[in-house]
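For reference, the structure is listed below as structure tokens.
Every number for a ligand or one of its atoms is a count from 1 in the order of the listing. For the single chain, residues carry numbers from 1 onward in sequence order.
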Amino acid sequence: MVFIRGGKFLMGTGEGFPYEAPAHEVTVESFWMDAHEVTAAEFAQFITATGYVTEAEKFGWSGVFDLETREWKRVDGATWQHPHGPHSTANNDEPVMQVSYNDALAYAHWAKKRLPTEAEWEYAARGGLAGKTYDWGDELNPDGKPAANWWQGSFPARNTGEDGYIGLAPVGRFAPNGFGLYDMAGNVWEWCADWFDEKYYSKNSGINPTGPPNGEERVMRGGSWMCSENYCRGYRVAARSHATPDTALNNLGFRCVRVSQ
Ligand SMILES: [Ca+2]
């Protein structure tokens with residue numbers, strides 16, 4: 001885990017989607033954060049230790065974006081072990097996917113950690129840079145090269161894989177941000193603890209905000225290998241997304257935090 005020294009920062013932006021505004025001052029306390037997304041190997045340890053059954057396994061199906069047909073599908077037998085469908089196998093060093101918010105909470109509890117608040121997540125993702133579009137700066141392709149695993153080309157028709165990955169990447173293949181955190185942009189979306197409310201930024205107190213008291217969907221941050229310039233641009237550091245707590249997909253994972261190492 002990486003120590004994130006608390007501080008004050010400008011959360012959100014007025015330059016993205018309306019629910020990313022207004023940019024507002026937020027203070028967070030110090031915490032430790034997983035340097036990379038929870039991997040399939042780490043999740044397997046949790047399953048072995050506890051016998052936990054994920055929601056996708058209980059439902060018998062999950063959401064899969066099919067790279068062949070370029071569309072989202074409901075796929076029977078898609079689980080954390082078979083993230084793209086029953087004929088696929090999770091690689092140990094890839095982020096675990098097909099885990100719901102509830103599954104992520106169960107893992108965090110077992111690991112004696114918790115999910116980051118949305119404010120902690122964005123503070124950590126900014127890596128000490130202020131007011132930048134990406135966690136590495138303002139240029140989409142610094143030095144002419146993609147700095148994270150996202151979708152180059154027009155989603156969903158064309159995927160050039162200029163970053164080296166048509167689909168998912170193992171964790172830690174791109175340079176870390178200023179705090180030493182890997183893949184805060186792209187690869188897989190990451191669950192945050194908060195309920196999602198698109199108007200929350202104009203309501204929160206600015207001191208260790210923990211999100212709205214209730215809601216229907218949870219926050220996801222960071223974007224994924226499916227995010228492109230013509231679509232959600234979810235790899236921007238202020239980008240927000242959301243899903244119901246039982247949602248599991250093959251571009252959605254998580255990482256954990258805790259107050260002390
Ligand atoms: Ca890619």
Would Arg258 and Trp32 count as a cation-pi pair here, with the cationic atom under 6.0 angstrom from the ring centre and within 45° of the axis?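 Judged by the rule, Arg258 and Trp32 form no cation-pi pair.
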Taking the six-membered ring for Trp, are [X] and [Y] closer than 6.0 Å centroid to centroid?
| X | Y | result |
| --- | --- | --- |
| Phe155 | Phe65 | yes |
| His24 | Tyr201 | yes |
| Tyr52 | Phe46 | yes |

Near the Ca ion (ligand 1), which protein N/O/S atoms are found at less than 3.0 Å?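 Listed by chain and number: Asn149 OD1, Trp150 O, Asp163 OD1, Asp163 OD2, Tyr165 O.
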Among all residues two or more places apart in sequence or in another chain, which pass the ring-ring contact (aromatic ring centres under 6.0 Å, His included) test with Phe59?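 Listed in chain order: nothing, the list is empty.
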Okay, side chain of Asp163, backbone of Tyr165: is any donor-acceptor separation there less than 3.5 Å?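 Flag set: sc Asp163 to bb Tyr165 pair under 3.5 Å.
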